[in-house]
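Below is one structure; the comments refer to it alone.
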Amino acid sequence: MLSKYWRHWGLRGFAGIGLGLVLSGCGWNTTQSTLNPAGPVAKIQASMITSSFWIMMIVSAVTFTALVVAVIRFRARPGQNGLPPQIEGNNRIELLWTVTPAIILALMMIGTINQSFAFGKIYPATQALQVDVTGHQFWWQFQYPASNVTTANELHIPVGQKIELILTSADVMHSFWVPRLGGKTDLVPGRTNYMWIEASQPGIYHGQCAEFCGTGHADMRITVDAEPPARYAAWVQKMSHPISVPPKINTLAYAGYLDFAAVGCSACHTIGGTKYNGAIGPNLTDLSGRLLIAANLIPNNLKDREAWIHNPQAVKPGTLMPNLHVPHNEVVAIATYLGTLK
Ligand SMILES: [Cu+2]
């Protein structure tokens, strides 16, 4: 029955288009789409993509029309023998189809190069908020030199302000990509790259590492929290005066505070406002305020924090956070303590 319909070209066409869309990963989810820009850099880049697309569409339309016309008009008629008149070496035609594409490509190239330099422009601290971004296997470090604040994986920025990202890597190559705010820029060990972004509207913008960097690459995610300037200032204020040592009265959280050092977490992690200043793993100062943990892979709630501390590899294959075989009681205490950090 189906095979009878399958013979229809229309049905085959539909199946082909559907398969094409599925295989190309196309969808209507626009939370992480270059075509749904939320800032000036991303807007210009999206307009470059759409204008290139339409230029190519026009070129295709002209080419295919000429092809179809040629095939119909100059087809072999009944009774016609031998080759039709040959036009090889026709200077006028050769020139036309060499110069025209060259002009189109040159125009597209000039626009692209111009904008590439504009996007990599280095704005001084007087014109943009500077953030030092360091890529790690497999998480992001964000440092704000102006306020001496450090955080991880969740980048806080004020809306409507230029943010100058100063990018480097602690280990291998990574690539910073938050599609709704701007295109990719690589983070290369021993080198500094620059890019600027700006969010026009408050909101959460998702991104991820775009350069294969190891087993945990796909789980190396970025969240940008673009806030109204007053809320951003409040966040900086809070980060500068963190509440990190729980009152002794709250026994479980306080036990977790002590366990954090006892089982070895503090060897790698810094928590502002405490004596814990490990520099290998993410800074956890504002942890309770983060939406997600483990480089934004899992929700930030007690159960998920417990699972993460209990066996990081099981949650995020490839993570460099070791399994310290922390006993269950201490896992619960530490996960509870982490939930109090603000
Ligand atoms: Cu990476």
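Basis for what follows: all heavy atoms, side chains included, without hydrogens, waters or symmetry-related copies. Numbering of ligands and ligand atoms starts at 1, following listing order.
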To the nearest 10 degrees, could you say what angle the Cu ion (ligand 1) makes with SG of Cys209 and SG of Cys213?
120°
Is Ser175 close enough to the Cu ion (ligand 1) that one of its N, O or S atoms comes in under 2.8 Å?
no
Quick check: closest heavy atoms across Ala46 and Pro37, and the distance to 0.1 Å?
CB-CG, 3.9 Å
If you look at every heavy atom in Val159 and Ser200, which pair is closest and at what distance?
CG1-O, 3.6 Å
Give a yes or no on this: more than 12 heavy atoms of other residues, nucleotides or ligands lie within 6.0 Å of atom CD of Gln201.
no
Worked verdict on Phe260 versus Tyr257 for ring-ring contact (aromatic ring centres under 6.0 Å, His included)
CA-CA 5 Å; Phe260 191 82; Tyr257 163 66; 8.5 Å; no
Give the atom name of whichever N/O/S atom in His174 sits closest to the Cu ion (ligand 1).
ND1
